[in-house]
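Because the structure is a prediction, the values reported are computed rather than measured.
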Amino acid sequence: RRALIVRRPPARPPLVKCRFDAMDKKLEILETGSGAGHLYFASGWSTKIRDTDYTGKLAFRDVGKVHEVAKILEKARR
C-alpha cells in the first residue's frame with residue numbers, strides 16, 4: 001500500500017510513490033487559500049524531486065479541499 005503522485009508524460013518523474021509505512025506519523029497542511037493547499041506526508045526525499053520542498057518533505061501540492069484529502073489519506077493509512 002502506498003501513495004502515488006502521477007503526471008502525464010513528459011513530466012519527470014511521471015510517477016512518485018511512497019509506502020504508507022515510510023510516511024511521517026503526522027501529516028502537515030500548508031493552506032494556500034480558499035480551502036486549497038499542500039499536504040506534506042513524508043520527509044527525507046531528494047529536494048530535486050518536483051513534489052518536495054527545500055527540506056525534502058514530499059507533498060501533494062496545490063490540492064483543492066486539502067483538509068478532505070488529508071482525512072482520506074489518514075483513513076487509508078489505518
Checklist entry - Hydrophobic cluster mates of Leu4, side-chain heavy atoms under 4.5 angstrom, ILVMFWY only, any path? => result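 Other cluster members: Val6, Leu15.
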Next on the checklist: Donor-acceptor pair, distance only, cut-off 3.5 Å: does the side chain of Thr52 make one with the backbone of Ser46?
Outcome noted: yes
Taking a hydrophobic cluster as the set of Ile, Leu, Val, Met, Phe, Trp and Tyr residues connected by side-chain heavy atoms closer than 4.5 Å, whether directly or through intermediates, do [X] and [Y] fall within one such cluster?
X     : Y     : value
Met23 : Ile49 : yes
Leu39 : Phe20 : yes
Leu58 : Ile72 : no

Checklist entry - After noting the C-alpha distance and the side-chain angles of Asp62 and His38, does the key distance pass the side chain to side chain contact (heavy atoms under 4.5 Å, CB included) rule? => result CA-CA 5 Å; Asp62 300 316; His38 309 309; 3.1 Å; yes
Checklist entry - side chain to side chain contact (heavy atoms under 4.5 Å, CB included) between Asp53 and Tyr40: does it pass, once the steps are laid out? => result CA-CA 9 Å; Asp53 67 4; Tyr40 293 93; 3.8 Å; yes
Next on the checklist: I'd like to know if Arg19 pairs up with Asp21 as an ion pair, taking the criterion as any Lys NZ or Arg NE/NH1/NH2 lying under 4.0 Å from an Asp or Glu carboxylate oxygen.
Outcome noted: yes
Item to check | Closest non-hydrogen atom pair between Ala42 and Cys18, with its separation | outcome: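 Of all heavy-atom pairs spanning Ala42 and Cys18, the closest is CB-SG, 3.8 Å.
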Next on the checklist: Ser43 vs Lys57, test: side chain to side chain contact (heavy atoms under 4.5 Å, CB included). Steps then yes/no.
Outcome noted: CA-CA 4 Å; Ser43 299; Lys57 288 189 176 188; 3.7 Å; yes
Next on the checklist: Please enumerate all residues that pass salt bridge (charged side-chain N to carboxylate O under 4.0 Å, His left out) together with Arg77, with sequence neighbours excluded.
Outcome noted: Glu74
Checklist entry - Phe60 pairs by side chain to side chain contact (heavy atoms under 4.5 Å, CB included) with which of Val66, Ile5, Leu27? => result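 One option only clears the test, and that one is Ile5.
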Next on the checklist: Testing the 3.5 Å rule here: is there a donor-acceptor pair between the side chains of His67 and Glu31?
Outcome noted: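 Result is yes, a qualifying pair exists.
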